[in-house]
K.L.:
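Just passing along the structure, written as structure tokens.
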2 protein chains.
Amino acid sequence: MTAPRRRADATENRARIIEAARAALAAGPQELKLNAVARQAGVGQGTLYRHFPTREDLLAEVYRQDVDELVAAAPQLLERHPPVEALARWFDRLVGYARVKRGVLTAVTAGAAQDLAAGSHGPIGDAVTALLAAGQAEGTIRPDVDARDVIVLIGYLSHLSEQEWEPRARHLLTVVLDGLRTRP
Amino acid sequence: MTAPRRRADATENRARIIEAARAALAAGPQELKLNAVARQAGVGQGTLYRHFPTREDLLAEVYRQDVDELVAAAPQLLERHPPVEALARWFDRLVGYARVKRGVLTAVTAGAAQDLAAGSHGPIGDAVTALLAAGQAEGTIRPDVDARDVIVLIGYLSHLSEQEWEPRARHLLTVVLDGLRTRP
DNA sequence: GACTGTAGCGGACACGTGTCCACTTATCCA
DNA sequence: TGGATAAGTGGACACGTGTCCGCTACAGTC
């Protein structure tokens, strides 16, 4: 398991790209123009795409911190609350992040999808699985759903416009949560 | 309410565009390249965009037939089944259409969204509203959801890849449906 | 049938995405 | 230290989207 040894300049370029992306994102989610980011970072298009093959990869990196926090929150919530409530609070947290920076949503859903395609659950998948499993063990969450199901359902958030967010995002989360619970 | 009198050539161009789009779509959903459609229809780019300002508008027109059928199905289902089952069957039907031609999904969701933005419910919104209202009247569907909520939730279908469709599309529909029902 | 105002046309253009590949240079090892 | 080598670079290019605007020819009028 020797580290593949990355060249120093590559590392620095990568950092500069992320920095430039963050700056662009600060000006609005749709301001993330890959060619502009490359230029801003003083790097060729090819270099950008080498480091981040897809836009989602770049987003995932920019919001890594947030996603990590979200992942870390799952077990903590489970310690302090019954499973269904832990799941509800985790959802709520996700919506909180996503409201301010929509990119987080892309990072989460795309990240999870890629991990899954790559064979593993990935950190996000694991977090959700843990939440579900706890509820399934005690019979409060329906047994026939998995992490991917939840991630897919949550995807509805990405269709919400800015004005629709406030009235619908949280509300629909409760609908989804009810769908995930077992019927008494 | 006099019809604004459309020029004959405009009507014909419009028809040719739709025809070309249908042909392109037959070769795969992602084969719908607007510039190619315009060329194929023997029409300039400008003409295409004049008739169909957005890709969704074009999709909506191509799948108009299917969407109309879907809309017409709602009251029929309500006649023959209790509200919740009618809704379930309507969902099922939607998934059926969408499986073969994903474009229908875009047509439905985008169409509904535009109608809403334009102030009215639009035909799709009306159909869903009818289904919901029936269930809400008898207390089997939660009172705090509207047609737009349902359309948004259904949006998850658009994130499903070809291989994921089979195992998840219908299954998740039951989860959503459970979320929409009142808890006993 | 010629005249004309305008609805409608069409294609050039600006922009963003993503790919490709000849070249450069950081790193390793003798 | 200096030469080999492959990791890494960058920017030209092909493509699709959507806009803009000067021109065309259809549809009424005389």
Side-chain angles (χ1 to χ4, degrees), chain A residues 2-62 102-103 106-107 110 113-114 117 158, chain B residues 2-62 102-103 106-107 110 113-114 117 158:
Chain A
T2 46
R5 226 52 197 98
R6 185 136 48 196
R7 257 167 60 168
D9 57 341
T11 309
E12 205 208 324
N13 276 336
R14 188 184 165 88
R16 287 226 303 288
I17 291 170
I18 297 172
E19 191 45 43
R22 210 184 301 273
L25 242 14
Q30 74 286 62
E31 294 307 312
L32 189 67
K33 298 166 188 174
L34 280 336
N35 62 353
V37 168
R39 193 169 359 101
Q40 176 67 26
V43 147
Q45 297 265 85
T47 302
L48 188 155
Y49 281 97
R50 156 178 286 264
H51 285 287
F52 304 100
T54 75
R55 162 182 301 258
E56 282 69 38
D57 289 318
L58 183 51
L59 255 331
E61 192 54 46
V62 169
R102 290 294 191 97
T106 314
Q114 271 178 240
S158 66
Chain B
T2 46
R5 231 41 200 103
R6 190 144 34 203
R7 257 167 58 172
D9 57 341
T11 309
E12 206 209 320
N13 276 336
R14 187 185 165 89
R16 287 227 303 289
I17 290 170
I18 297 172
E19 193 43 46
R22 211 183 300 274
L25 243 11
Q30 72 288 64
E31 294 307 312
L32 188 67
K33 297 164 189 174
L34 280 333
N35 62 353
V37 168
R39 193 169 358 100
Q40 177 66 24
V43 145
Q45 297 266 85
T47 301
L48 188 154
Y49 281 98
R50 157 178 288 264
H51 285 287
F52 306 99
T54 74
R55 161 181 304 257
E56 283 69 38
D57 290 318
L58 182 50
L59 256 330
E61 192 53 46
V62 170
R102 290 294 191 99
T106 314
Q114 271 177 239
S158 66

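Note on naming: letters A, B, ... go to the chains in the order of the sequence lines (proteins, then strands), and numbering restarts at 1 for each one.
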K.L.:
Which value, rounded to the nearest 0.5 Å, describes the distance between A/R16 atom CZ and A/D9 atom CG?
P.N.:
9.5 Å
K.L.:
Under 6.0 Å from the CD atom of A/E56, do we count more than 12 heavy atoms belonging to anything else shown?
P.N.:
yes
K.L.:
Between the protein and nucleotides 9-12 of chain D, which nitrogen or oxygen pairs are less than 3.5 angstrom apart?
P.N.:
| from | atom 1 | to | atom 2 | distance (Å) |
| --- | --- | --- | --- | --- |
| D/dT9 | OP1 | A/N13 | ND2 | 2.3 |
| D/dT9 | OP2 | A/H51 | NE2 | 3.3 |
| D/dG10 | OP2 | A/G44 | N | 3.4 |
| D/dG10 | OP2 | A/T47 | OG1 | 3.3 |
| D/dG10 | N7 | A/T47 | N | 3.4 |
| D/dG11 | N7 | A/Q45 | N | 3.3 |
| D/dG11 | O6 | A/G46 | N | 2.9 |

K.L.:
Whole Å only: how far is the CG atom of A/L48 from the P atom of C/dT19?
P.N.:
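These atoms are roughly 12 Å apart.
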K.L.:
I want to confirm an ordering. Mapping B/R39 and B/A8 to their closest nucleotides on DNA chain D, which one lands closer to the 5' end?
P.N.:
B/R39
K.L.:
For a quick test of reading the model, state the closest non-hydrogen atom pair linking B/Q114 to B/T54 and the distance between them.
P.N.:
OE1-OG1, 4.2 Å
K.L.:
Roughly how many Å is it from CZ in A/F52 to C1' in C/dT17, rounded to a whole number?
P.N.:
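Going from CZ in A/F52 over to C1' in C/dT17 covers 17 Å.
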K.L.:
Between B/Y49 and D/dG18, is there a side-chain N or O to OP1/OP2 distance below 4.0 Å?
P.N.:
yes
K.L.:
B/F52: what forms a side-chain contact (heavy atoms from CB on, under 4.5 Å) with it, not counting sequence neighbours?
P.N.:
B/R14, B/I17, B/I18, B/D57, B/L58, B/E61
K.L.:
State, yes or no, whether a side-chain contact exists between A/L59 and A/L32 at a heavy-atom distance under 4.5 Å.
P.N.:
yes
K.L.:
What's the CD-C1' distance between A/E56 and C/dT17, to the nearest Å?
P.N.:
13 Å
K.L.:
C/dG8 P sits how many Å from B/E12 CD, rounded?
P.N.:
14 Å
K.L.:
In whole Å, I'd like the distance from the CZ atom of A/R16 to the P atom of D/dG8.
P.N.:
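Going from CZ in A/R16 over to P in D/dG8 covers 15 Å.
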K.L.:
Using side-chain heavy atoms (C-beta onward) and a distance below 4.5 Å, is B/R55 in contact with B/T106?
P.N.:
no
K.L.:
If I compare all heavy atoms of B/Q45 with all of B/A38, which pair ends up nearest, and what's the gap?
P.N.:
OE1-CB, 3.9 Å
K.L.:
Would you name the heavy atoms of B/Q40 and B/A20 that are closest together and state the gap between them?
P.N.:
CG-CB, 3.8 Å
K.L.:
Take the protein atom CZ of A/R55 and the nucleotide atom C1' of C/dT17, then report the distance between them rounded to whole Å.
P.N.:
8 Å
K.L.:
Please find the pair of heavy atoms, one from B/V37 and one from B/A21, that lie closest to each other, and give the distance.
P.N.:
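Looks like CG1-N, 3.9 Å.
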K.L.:
Strictly below 4.0 Å, heavy-atom distances to any atom of DNA chain D: list the hits from residues 26-34 of chain B, or just say none.
P.N.:
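Output list: B/L32, B/K33, B/L34.
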